[in-house]
Amino acid sequence: IAKIYTDRDTTLDPLKGKKIAVLGYGSQGRAWALNLRDSGLHVTVGLEREGKSWEQAKADGFDPKKTEDAVKDADVVIFLVPDMAQRLVYREKVQPYIRDGMDIVFAHGFNIHYRLIEPPSNVDVYMVAPKGPGPIVREFYVKGGGVPVLVAVHQNHSGKAMEKALAIAKALGGTRAGAIETTFKEETETDLIGEQTILVGGVMELMKAAFETLVEMGYQPEVAYFETINELKMIVDLIYDKGFMGMLKAVSDTAKYGGFTVGKQVINNETRKRLREAAEKVRSGKFAEEWIEEYGRGSPTLQKGMEDMDKSLEEQTGRRLKEIIERGKPKS
Ligand code: NDP
Ligand code: MG
Ligand code: MG
């Protein structure tokens, strides 16, 4: 059974007065810098270049520094640049300035688990991984809540690494919900498997496949969009609030009967076999190898995916319906 920490079990003390460098000011970087600062910790934002992030950090009241300048001064260095960029930033801008007793912190275990970054033994290496997108980590915190997090220690030089991980989890708002203890291996593999098979890959492709089937059969794209894409949020919100039983109680008996019988035909043993194959590919390290190779070639597949989705009929239809969707949203 998992060890779960909440606000009562945690304190900010291990990080009070320490200089924390947040590297990157994107999805997670901005949320972390703002939440940690609002929790009373000392945060400096470190960036590679002037540009969008730099301007945003300034607009939010930070005085961003070049990565190496933020790192030189720091007691705690948090990696919130993209996973594939971390190795180079580490090698060129962090490693040369590592001091005895520094902390190296991650929001996802990829670079440590797959040994792209191998810190020396005289530092603590730990992780606080939010189980939600950056903007939600910020929004929940501002509204008094918090997104659950996973915490893990890879290297415990000081003997206090877990206490510090929990202090960050608390400052992020994570322990208002709960912080689950895990390992770099478990976090890295489950995060990749989850985003590929369900959160990003699976759900997106199932929605697309359903939408495209309806359109191919001659139904109007607008009707197909509301049915197969827009309404999913309401169903997922019901599961989020009340579990599967809560969702089932809110839909018709016709929907329940059709769902129980047809769902298993669409997501069948063949689909489960594919899920297992995808998960094994993560576990074996083959996926990491492939992604590193793709990144090395300038991420052509990733870019094509973004371009194709931007031009797709579902995305175009969604944009056309945006006004209606916005108008219907609850007003408070
Ligand atoms: P983003 O893609 O949002 O990070 C963008 C930031 O990194 C910007 O400040 C950008 O600066 C900078 N950046 C971009 N490219 C480079 C580069 N080549 N070298 C240095 N800096 C660069 O990252 P995420 O927030 O998505 O991810 C950060 C970490 O958090 C990752 O480890 C990820 O796995 C983890 N994570 C992310 C989640 C999410 O919701 N996104 C959820 C949980 C964990 P500029 O504006 O100048 O380009
Ligand atoms: Mg994730
Ligand atoms: Mg991820």
Side-chain angles (χ1 to χ4, degrees), residues 21-36 43-60 62 64-71 77-94 104-114 116-117 125-141 146-152 154 165 168-169 172-174 179-180 182 184 186-203 278 282 287-288 291-292 295-296 298-299 302-303 306:
V22 168
L23 306 185
Y25 203 74
S27 177
Q28 292 292 332
R30 177 166 190 261
W32 285 53
L34 291 170
N35 290 10
L36 264 50
V43 176
T44 305
V45 174
L47 292 170
E48 284 294 281
R49 50 194 177 221
E50 296 193 14
K52 233 181 82 198
S53 294
W54 194 283
E55 291 312 316
Q56 183 66 58
K58 272 174 52 180
D60 292 337
F62 290 103
K65 295 193 159 45
K66 286 280 181 181
T67 305
E68 57 271 39
D69 295 325
V71 169
V77 176
I78 306 181
F79 277 87
L80 295 171
V81 298
D83 294 307
M84 285 303 116
Q86 291 180 11
R87 173 157 58 164
L88 193 64
V89 170
Y90 175 79
R91 204 188 299 147
E92 296 189 345
K93 310 286 170 62
V94 177
I104 309 286
V105 184
F106 295 89
H108 173 47
F110 197 99
N111 281 270
I112 293 291
H113 180 59
Y114 295 115
L116 303 173
I117 294 179
V125 181
Y126 51 90
M127 166 170 58
V128 181
K131 291 288 102 184
I136 307 291
V137 170
R138 178 59 183 162
E139 185 194 333
F140 277 26
Y141 177 89
V147 169
V149 296
L150 302 185
V151 290
H154 172 68
I168 289 186
L172 268 179
I180 306 181
T182 182
F184 272 64
E186 184 177 66
E187 185 281 334
T188 303
E189 293 175 355
T190 54
D191 189 73
L192 294 172
I193 293 166
E195 66 201 20
Q196 292 171 19
T197 62
I198 306 179
L199 301 176
V200 182
V203 165
V282 165
F287 169 76
W291 172 212
I292 292 163
Y295 180 77
S299 308
L302 190 159
Q303 278 180 34
M306 293 297 282

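Along the sequence shown, residues carry numbers from 1. In each ligand, atom 1 is the first atom listed, and ligand 1 is the first ligand listed. Only this structure's heavy atoms are used, side chains among them; waters, hydrogens and symmetry mates stay out.
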If we ignore hydrogens and angles and just use 3.5 Å, is the side chain of Thr67 paired with the main-chain N or O of Lys93 as donor and acceptor? no

Please check if the side chain of Gln303 supplies one atom and the backbone of Gly298 the other of a donor-acceptor pair under 3.5 Å. yes

Numbered atoms and elements of ligand 1 in range of Pro130, under 4.0 angstrom, heavy atoms: 43 (C)

Could you list which atoms of ligand 1 come closer than 4.0 Å to a heavy atom of Ala107? 30 (O), 35 (C), 44 (C)

Under a 4.0 angstrom heavy-atom cut-off, which atoms of ligand 1 come close to Gly24? 9 (O)

Per atom 46 (O) of ligand 1, closest listed option by heavy atom (Ser53, Gly51, Gly134): Ser53

Would you say Asn35's side chain and Tyr141's backbone share a donor-acceptor pair under 3.5 angstrom? no

What's within reach of the Mg ion (ligand 2), meaning protein N/O/S atoms under 2.8 Å? Asp191 OD1

Work out whether the distance between some heavy atom of Ala129 and some atom of ligand 1 is less than 4.0 Å. no

Side chains of Tyr295 and Asp83 only: does a donor on one sit below 3.5 Å from an acceptor on the other? no

Counting heavy atoms under 4.0 Å, the part of Gln86 that contacts ligand 1 is side chain

I'd like to check which ligand 1 atoms, numbered from 1 as shown, lie under 4.0 Å from a non-hydrogen atom of Gly132. 40 (O), 42 (C)

Relative to the ring of Tyr25, is the ring of Phe62 parallel (under 30°), tilted (30 to 60°) or perpendicular (over 60°)? perpendicular

Quick one: does Glu187's side chain have a donor or acceptor within less than 3.5 Å of a partner on Gly109's backbone? yes

Please report whether ligand 1 has a polar contact with Lys52, defined as an N or O pair separated by less than 3.5 Å (distance criterion only). no

When rounded to the nearest 0.5 angstrom, what is the spacing between CD in Glu48 and CH2 in Trp54? 10.0 Å

Atom indices of ligand 1, in the order listed, that fall short of 4.0 Å to a heavy atom of Ser27: 3 (O), 25 (O), 26 (O), 39 (C), 40 (O), 41 (N)

Run down the list Thr67, Val81, Val137, Leu88 and name the one with the heavy atom closest to atom 21 (N) of ligand 1. Val81

Which of the ligand 1 atoms, numbered from 1, are nearer than 4.0 Å to a heavy atom of Tyr25: 6 (C), 8 (C), 9 (O)

Suppose I only count heavy atoms of Arg49 and a 4.0 Å limit; which atoms of ligand 1 are within that range? 11 (O), 13 (N), 14 (C), 15 (N), 16 (C), 22 (C), 45 (P), 47 (O), 48 (O)

Using 30° and 60° as the class limits, which term best fits the ring planes of Phe184 and His154: parallel, tilted or perpendicular? tilted

Considering only heavy atoms of Pro133, which atoms of ligand 1 have at least one such atom less than 4.0 Å away? 40 (O)

With nothing but distance in play, are any N or O atoms of Glu48 less than 3.5 Å from an N or O of ligand 1? no

Judged on heavy-atom distance to atom 7 (O) of ligand 1, which of Pro82, Gly26, Pro135 sits nearest? Pro82

Between the main-chain N or O of Val81 and the side-chain N or O of Gln86, is there a donor-acceptor pair closer than 3.5 Å? yes

Of the listed options (Leu192, Ile78, Leu80, Val22), which comes nearest to atom 23 (O) of ligand 1 when hydrogens are ignored and any heavy atom counts? Leu80

Please work out, at 4.0 Å between heavy atoms, whether the side chain, the backbone, both, or neither of Leu47 comes within that distance of ligand 1. side chain

